[in-house]
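Here the structure is a predicted model, which means the values were calculated and not measured. The basis for the numbers below is simple: all heavy atoms, side chains too, and nothing from hydrogens, waters or symmetry mates.
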Amino acid sequence: VVGAIGGTIQGIVSSYYAAQTAKYQTKSLALQYEHKRDMTLFNRRMKESQAQHLNDVYNKQYQIATLKAGNRESTARTMFAARGIQMGVGSTKDAFVSSKILSEIDKLTMNSNKVRAISNKRLEGAGLGIQANMYGVSAQNMFATASSIDPFMNMNSSLLTGVGNIIQSLHLLINYYSY
């Protein structure tokens, strides 16, 4: 009987602390998910910042290329005029038209590369935003799970089992001495 009582008390205490441990572990996991969410949101903001930086870099490259093309055309016109070559007819016309077409192709290519690079960074940011939302949901679930862990309910099941063992031991003891 004494052993059954001792075992019951030990089971109750053990159940209480086991439930407390599970509760703290679940809260710890929830906090880890919150940290991951916060870091992922930070990385998302960094991706947007990188996209804006890429936009600035490509715009500068576009400006430089446009200025260089304008300078080349101006230099060519000046050199042709200095030599007395008539502008806008024949091979000079073809040369300037070809130069303009190549310049436009270069500008369109640069713009296409800019849009692709910025879109890729923003797409990476969107993926990180989705991942952050999932971490947030997981954190909320873990906090809800932690709040549902009740050490006293866990103790009750040990108490009921233990009381059943004590009654069974008392019944055996009474039966033993009644003979």
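Remark: N141 CG to L29 CG distance equals 10.5 Å, nearest 0.5 Å. For the atom pair CG (L128) and OH (Y135), the distance works out to 9.5 Å, reported to the nearest 0.5 Å. Remark: I64 CD1 to M110 CE distance equals 8.0 Å, nearest 0.5 Å. From Y33, atom OH reaches atom CE of M134 across 10.0 Å, with rounding to the nearest 0.5 Å. Of the inter-residue distances, the one linking T66 atom OG1 with N71 atom CG reads 11.0 Å to the nearest 0.5 angstrom. Of the inter-residue distances, the one linking D56 atom CG with I118 atom CD1 reads 8.5 Å to the nearest 0.5 angstrom.
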Query - N43/Q131 under side chain to side chain contact (heavy atoms under 4.5 Å, CB included): CA gap, chis, key distance, verdict - result: CA-CA 11 Å; N43 289 336; Q131 189 176 13; over 6 Å; no

Query - Working for salt bridge (Lys or Arg N to Asp or Glu O under 4.0 Å), residues K121 and E48 - result: CA-CA 7 Å; K121 285 297 170 193; E48 179 57 33; over 6 Å; no

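Counting only heavy atoms from C-beta outward, the side chains of Y62 and K107 approach each other to under 4.5 Å. Contact of the K47 side chain with the Q50 side chain is registered, since non-hydrogen atoms from C-beta on lie closer than 4.5 Å.
For the pair S74 (side chain) and G70 (backbone), a donor-acceptor distance under 3.5 Å is present. T109 contributes a side-chain N or O that, together with a main-chain N or O of I105, makes up a donor-acceptor pair within less than 3.5 Å. In this structure a side-chain-to-backbone donor-acceptor pair under 3.5 Å is missing from S98 to A95. Judged purely by atom type and a 3.5 angstrom limit, S119 has no side-chain atom pairing as donor or acceptor with the backbone of R116.
Across all non-hydrogen atoms, the minimal contact from R44 to G129 is CD-CA, 3.6 Å. Between K27 and A146, the shortest heavy-atom contact is CG-CB, 3.5 Å. Residues A144 and S147 share a closest heavy-atom pair of O-OG, 2.9 Å. The minimum heavy-atom distance linking T26 with M142 is given by the pair CG2-O, 3.1 Å.
Sorted by first then second residue, the salt bridge (charged side-chain N to carboxylate O under 4.0 Å, His left out) pairs that include residues 60-84, not counting sequence neighbours, are E73-R77, E73-K100.
Applying the ring-ring contact (aromatic ring centres under 6.0 Å, His included) criterion to F96, with sequence neighbours excluded, gives F80.
The environment of NZ in K93 is sparse: at most 12 heavy-atom neighbours from other residues, nucleotides or ligands sit within 6.0 Å. Other residues, nucleotides and ligands contribute more than 12 heavy atoms inside 6.0 Å of the CD atom of Q61. Within a 6.0 Å radius of NZ in K23, more than 12 heavy atoms belonging to other residues, nucleotides or ligands are found.
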